[in-house]
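To start, the structure itself, in structure tokens.
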Amino acid sequence: MRKIVFDVETSNLFQDVGSSNPADLSISLLAIYDSLEDKYSSFIESEFPSLWPILEKADLLIGYNSNHFDIPLLNKYYSGDLTKIKSVDLLEEIRKVIGRRVRLDQVAQGTLEISKSGHGLQALEWWKKGEIEKVRAYCIDDVKITKELYDYALKNGKLFYKEGPAKLEVKIDTRLWEQVEKTAFTQSLPF
């Protein structure tokens, strides 16, 4: 099973575009972990043609808030429909259990006992200053955290998140995560 863990950074905010639709934003950079290659990569918009063949051969997309944010935004750039690829959104899985959203940093602290290397607003500022390598490192760090959380949940059937001094457990049903599905997804680009 080819799994792609991914995260998107943007070059603007919702208030900049006057909308709450993720597809109205612009991507600055996207990072992935490709389980087939066992490596991390990142792509700016001009490099997306190299990304599409990887995503089109994926059996599973993994992210954090990816079904609501990253996939709709990335779909704006893609001529096909990435929602046709099976996905696991860790935030969605947590929200099913506790009924609300928690930040990736809270889950990283609770489960992995690490903190994120920054936050999205910092990445936006770095991008605007032309500090692309800082954005790249930050985005890849978020992908690494998401991958570790996915692996932990798959192995243990739970995640933890920090809320103040408390460490709270979230039971996660992972039984169907890696079940291979036959999809109607077809490659839309000529390779």
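Bear in mind the structure is a predicted one, so any value in this text is a computation, not a measurement.
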Are [X] and [Y] side-chain neighbours, meaning at least one heavy-atom pair lies under 4.5 Å?
| X | Y | result |
| --- | --- | --- |
| F43 | I32 | yes |
| V135 | S28 | yes |
| L29 | W126 | no |
| E125 | K134 | no |

Using every non-hydrogen atom in the two residues, find where [X] and [Y] come nearest and quote the distance to one decimal.
| X | Y | answer |
| --- | --- | --- |
| L82 | L61 | O-CD1, 4.1 Å |
| S66 | P72 | O-CD, 3.7 Å |
| A58 | I4 | CB-CG1, 3.6 Å |
| K86 | Q179 | NZ-O, 2.7 Å |
| V5 | K147 | CG1-N, 3.8 Å |
| Q106 | R103 | OE1-N, 2.8 Å |

[atom1] of [X] to [atom2] of [Y]: how many Å apart, nearest 0.5 Å?
| X | Y | atom1 | atom2 | answer |
| --- | --- | --- | --- | --- |
| S87 | K3 | OG | NZ | 14.5 Å |
| E93 | L149 | CD | CG | 13.0 Å |
| K129 | L124 | NZ | CG | 11.0 Å |
| L30 | S41 | CG | OG | 10.0 Å |
| L90 | I172 | CG | CD1 | 7.5 Å |
| E56 | I54 | CD | CD1 | 11.0 Å |

Q) So Y152 and F160, side chain to side chain contact (heavy atoms under 4.5 Å, CB included) or not? Walk me through it. A) CA-CA 10 Å; Y152 185 95; F160 297 90; 3.5 Å; yes

(Q) Would you say CZ of R100 has more than 12 non-hydrogen atoms from neighbouring residues, nucleotides or ligands within 6.0 angstrom? (A)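 Yes, enclosed.
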
**Q.** Heavy-atom neighbours of Q15 CD exceed 12 at 6.0 Å
**A.**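 Yes, the 6.0 Å shell around CD holds more than 12 heavy atoms from other groups.
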
Indicate if [X] and [Y] have the same hydrophobic cluster label, given that clusters are the connected sets of ILVMFWY residues with side-chain heavy-atom separations under 4.5 angstrom.
| X | Y | answer |
| --- | --- | --- |
| F6 | W127 | no |
| Y138 | I44 | yes |
| L112 | L154 | yes |
| L36 | L51 | no |
| M1 | W177 | yes |

Sub-3.5 Å donor-acceptor pair from the side chain of [X] to the main-chain atoms of [Y], do we have one?
| X | Y | result |
| --- | --- | --- |
| Q109 | I114 | no |
| D16 | L13 | yes |
| K76 | L25 | yes |
| D89 | N67 | yes |

Q. Could you walk me through whether F69 and L91 pass the side chain to side chain contact (heavy atoms under 4.5 Å, CB included) check?
A. CA-CA 11 Å; F69 185 82; L91 175 57; over 6 Å; no

Q.
For E131 and Q122: C-alpha separation, side-chain torsions, deciding distance, then whether side chain to side chain contact (heavy atoms under 4.5 Å, CB included) applies.
A. CA-CA 11 Å; E131 296 175 316; Q122 277 180 313; over 6 Å; no

Q) In a check of side chain to side chain contact (heavy atoms under 4.5 Å, CB included) between Y64 and each of V143, V88, D70, I94, which one passes? A)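 Checked V143, V88, D70, I94 against Y64; only one passes side chain to side chain contact (heavy atoms under 4.5 Å, CB included): I94.
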
Q) In terms of the angle between their ring planes, are Y77 and F48 parallel, tilted or perpendicular, with boundaries placed at 30° and 60°? A) perpendicular

**Q.** salt bridge (Lys or Arg N to Asp or Glu O under 4.0 Å) evaluation trace for D141 with K116
**A.** CA-CA 7 Å; D141 282 346; K116 286 178 28 124; over 6 Å; no

Q. Would you call D34 and R2 a salt bridge, using N to O less than 4.0 angstrom?
A.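 Salt bridge between D34 and R2, a charged N being under 4.0 Å from a carboxylate O: yes.
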
Q. Does a salt bridge link E92 with R95, judged by any charged N lying under 4.0 Å from a carboxylate O?
A.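 No, this pair does not count.
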
Q: Give the C-alpha distance, both sets of side-chain angles, the deciding distance and a yes or no for side chain to side chain contact (heavy atoms under 4.5 Å, CB included) between D7 and T146.
A: CA-CA 9 Å; D7 185 46; T146 303; 5.8 Å; no

